[in-house]
Each structure stands twice: as structure tokens, then as C-alpha cells.
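Notes to accompany the following structure.
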Protein chains: 2
Amino acid sequence: MSSSLPDVDFDNLHNLLGYHLRRAQVAVFKDFEAAVGSESITPGLLGALTIIGANEGLSQNMLADALALDRSTLVSVIDKLEARQLVKREKSPQDRRRHALFLTNDGREVLARTKQKVVEHEKKISQGMSPEERAKLIDLLRGLYK
Amino acid sequence: MSSSLPDVDFDNLHNLLGYHLRRAQVAVFKDFEAAVGSESITPGLLGALTIIGANEGLSQNMLADALALDRSTLVSVIDKLEARQLVKREKSPQDRRRHALFLTNDGREVLARTKQKVVEHEKKISQGMSPEERAKLIDLLRGLYK
DNA sequence: TATTGTTATACTCTATAACTATA
DNA sequence: TATAGTTATAGAGTATAACAATA
């Protein structure tokens with residue numbers, strides 16, 4: 001049994017965007033895991049995979065900027081994807097400081113399969129809202145960081 | 001200089017709720033830190049402090065349920081608040097397995113000051129939307145986890 | 001000098017499993 | 001047996017600072 005009581009007073013918490021943002025993010029992350037768990041891909045890894053797939057040869061710094069991550073953070077993201085042989089780094093011939101990023105064939109397959117699952121996951125989590133509400137939600141969320 | 005190019009292709013990422021949720025959460029968390037940073041209170045600590053303040057004497061399990069956290073996770077939250085002397089644990093006389101949670105006088109002061117700052121922070125992050133949009137956003141976020 | 005990627009390090013947030021004490 | 005809290009451990013996600021190779 002749960003130990004929750006029906007009468008906990010939330011004070012002003014329920015009027016804080018930050019609070020609902022965290023709750024929503026945790027819930028959506030969990031559902032994402034359940035939906036694509038068999039591929040062992042997290043939202044962060046999928047984001048990187050998606051952008052590499054659509055921009056093969058881009059550098060780590062470009063990818064870090066696109067995902068709004070620090071470049072040191074991106075190193076471990078790429079390390080994980082490379083360890084799973086979904087992505088490969090290649091020295092850029094134009095600028096040998098850079099690593100050009102590419103999907104492997106495995107990476108392309110996993111991305112395709114995962115995309116399919118993510119479409120279903122997104123449909124599931126937004127089943128309680130209309131397409132217009134979903135678009136509005138995305139719009140309002142963008143307003144919070146752009 | 002940034003290394004971003006204007007032409008990174010985001011594929012379907014911009015149509016995923018999960019993606020915008022993460023971006024928004026990171027941005028809002030950062031602004032929260034900047035706004036209340038001088039108190040060294042994170043959103044999670046504030047949530048706990050708020051609910052304890054409005055429900056003095058509640059148990060750790062009740063609080064964990066209210067915040068949707070595991071009870072082991074809550075232990076470290078309370079440890080941090082107690083180390084800062086904002087909260088105190090007391091053995092419940094009714095059920096000696098339980099810890100009843102209370103704010104200290106410091107806790108009450110920090111909570112009051114922080115609440116004020118959070119109101120300003122919330123106003124700032126939602127300045128781009130109308131009050132109706134803000135309410136709608138909260139409503140839609142709730143739909144994602146309830 | 002500046003940029004790209006890496007490493008070392010650190011901090012937050014979260015959970016599962018096994019434990020103690022109490023009920 | 002079951003619950004409340006704790007500990008040990010783990011893993012995701014994030015960053016800053018210092019460094020080597022290259023520009």
C-alpha cells in the first residue's frame with residue numbers, strides 16, 4: 001500500500017511551471033524507456049543519433065551546439081554510441097582537429113526502428129490532447145528556452 | 001565564437017514533445033538557479049521545503065509520495081536540508097518507525113525569501129505568454145503525468 | 001593565440017536491493 | 001509479515017577546468 005494521504009497541502013507548488021515541467025519530464029522519460037527500452041536508447045542518445053543521421057559528417061562541436069550540450073558532455077554521448085557501434089568518428093581531412101561523425105549500418109537500423117517506436121510513444125503520451133493542443137504545448141515549451 | 005552552422009537538419013526532433021520538454025526543463029532549471037542561487041536551493045529542495053512547511057509533522061514516506069520520489073531518494077533530500085539546518089527530523093511518538101518532519105526557524109525564513117524569488121523567476125520565464133497560455137501550459141503538462 | 005576534442009573531476013537527480021527498527 | 005527509514009551502489013545527465021593536437 002501507498003502511504004500517501006489524500007490531504008497533503010501543496011501550497012503554491014501546483015502553480016509553478018518548474019514543478020510541472022519536472023513531473024512531466026520524469027513521466028515522459030519513463031514512458032520513453034518503456035517504449036524503446038529494448039534498444040537501450042535514451043532520449044539523449046536518440047537526439048544525437050537523429051542529428052548525425054540527418055547531417056552525416058558534422059563535427060562534435062556542431063552536434064553539441066545543436067543539442068545545447070557542452071562539448072565535454074558530448075564526448076561521453078559519442079563514446080556510448082561508438083561503443084555500441086552505432087556511430088563512428090573519422091578525422092576530418094579539411095581540419096584535422098575535427099571528428100566527422102557518421103552512422104554505421106547498425107546505427108541506421110537502430111535509428112529507423114527507434115523512430116517507429118518513438119512515434120508510437122509520442123502518440124501515447126499525447127493521447128489526452130488534441131493535435132492543436134499538442135502543437136500549442138510544443139510552442140509554449142519552445143518559448144521557455146528560445 | 002560558436003561553431004554552430006545555421007543549417008543543421010533537426011529531422012523530426014522538433015516535433016517530439018520529449019525533446020522540447022528536456023530543453024525547456026534545462027533552461028528553466030538554469031534560470032531558477034540564477035534567480036535563487038544565493039540561497040543554494042534547487043527546485044527539488046524547494047519542493048520538499050514547501051510541502052514540509054505546509055504540512056509540518058508529515059512523514060518521509062508521505063513527502064516522497066507527494067513529490068513522486070522513491071523513499072530512498074527522499075532520504076538524501078532530507079539529509080541535505082537537515083545539514084543546512086532548514087529541516088529537522090523527529091521520531092513520531094505514535095509510530096516510532098516514522099520521522100515527523102518540521103521546518104526550523106531558518107527553514108521558514110529561507111522558504112519565505114525563496115518563495116519571493118521564485119515568484120519573480122516564474123514571472124520572468126513566462127513573460128512571453130499570456131496568463132491564459134501559462135495556465136494552459138500547466139494544464140497540458142499535468143496531462144502528461146496524471 | 002584560438003579551436004577541437006579529451007580527460008579528470010564534480011555535482012544533481014533518480015532508482016533498486018538489502019538492511020534495521022519497529023509495527 | 002509488512003512498513004519506515006537507511007545505506008550501498010549504480011547510472012543518467014550535466015558542467016568546469018586544464019590539456020594536447022592542430023589551426
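Keep in mind that the numbers below use all heavy atoms, side chains included, and drop hydrogens, waters and symmetry copies. Sequence lines set the chain letters: A, B, ... in the order given, protein chains first and strands last, and positions in each chain run from 1.
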Name each donor-acceptor pair under 3.5 Å that joins a side chain in residues 8-15 of chain A to protein atoms two or more places apart or in another chain, with its distance.
residue: D9(A); atom: OD1; partner: D11(A); partner atom: N; Å: 2.8
residue: D11(A); atom: OD2; partner: K115(B); partner atom: NZ; Å: 2.6
residue: N15(A); atom: OD1; partner: R134(B); partner atom: NH1; Å: 3.3

Only pairs under 3.5 Å count here: list side-chain donor-acceptor contacts from residues 136-146 of chain B, not counting sequence neighbours, and write none if there are none.
residue: K136(B); atom: NZ; partner: E133(A); partner atom: OE2; Å: 2.6
residue: Y145(B); atom: OH; partner: H20(A); partner atom: ND1; Å: 2.8

Item checked: Any R23(B) side-chain N or O less than 4.0 Å from OP1/OP2 of dG13(D) -> no
Checklist line | Donor-acceptor pair between S38(B) and K117(B) side chains, under 3.5 angstrom | finding: yes
Check: How many Å lie between CD on Q25(A) and C1' on dC13(C), as a whole number?
Finding: 11 Å
Check: Expressed in angstrom and rounded to an integer, what is the separation of H99(B) atom NE2 from dT7(D) atom P?
Finding: 10 Å
Item checked: Atom pair distance, as rounded to whole Å: CD1 in I78(B) and P in dG5(D) -> 10 Å
Check: Tell me: CZ of R98(B) to P of dG5(D), nearest whole Å?
Finding: 7 Å
Check: Starting at the 5' end of DNA chain D, which residue's closest nucleotide do you reach first, E33(A) or R89(B)?
Finding: R89(B)
Note to self: Any carboxylate oxygen within less than 4.0 angstrom of a Lys/Arg side-chain nitrogen, looking at R108(B) and E56(B)?
What the structure shows: yes
Next item on the list: Step through the shown structure and confirm whether more than 12 heavy atoms of other residues, nucleotides or ligands are within 6.0 Å of NZ on K124(A).
Entry: no
Margin query: For S72(A), give me all partners under side chain to side chain donor-acceptor pair (under 3.5 Å), at least two apart in sequence or on another chain.
Written below: D70(A)
Check: In whole angstrom, what separates L46(A)'s CG from dA12(D)'s P?
Finding: 16 Å
Next item on the list: Quickly work out the F29(A) CZ to dA12(D) P distance and round it to whole Å.
Entry: 9 Å
Item checked: Residue pair Q60(B) / R98(B), side-chain donor-acceptor N/O under 3.5 Å -> no
Next item on the list: Mind running a 4.0 Å heavy-atom check of residues 113-122 of chain A against DNA chain D and sending the residues that fall below it, in number order?
Entry: none
Notebook entry, point to check: What is the per-nucleotide protein-contact pattern of nucleotides 14-23 of chain C, from the 5' end, where B denotes a base atom under 4.0 Å from a protein heavy atom, S denotes such proximity for sugar-phosphate atoms only, and - denotes neither?
Noted result: BBBB---BBS
Checklist line | Interatomic distance where CG belongs to L67(A) and P belongs to dG13(D) [whole Å] | finding: 12 Å
Notebook entry, point to check: Do any side-chain nitrogens or oxygens of Q60(B) fall under 4.0 Å of OP1 or OP2 in dT6(D)?
Noted result: yes
Next item on the list: Can you tell me the distance, in whole Å, between the CE atom of M62(B) and the P atom of dA4(D)?
Entry: 9 Å
Notebook entry, point to check: Is any NZ, NE, NH1 or NH2 atom of the basic residue among D79(A) and R89(A) found under 4.0 Å from an Asp or Glu carboxylate oxygen of the other?
Noted result: yes
Margin query: Can you list everything that forms a salt bridge (charged side-chain N to carboxylate O under 4.0 Å, His left out) with R97(B)? Sequence neighbours excluded, please.
Written below: D95(B)
Notebook entry, point to check: Does OP1 or OP2 of dG5(C) have a side-chain N or O of N61(A) closer than 4.0 Å?
Noted result: yes
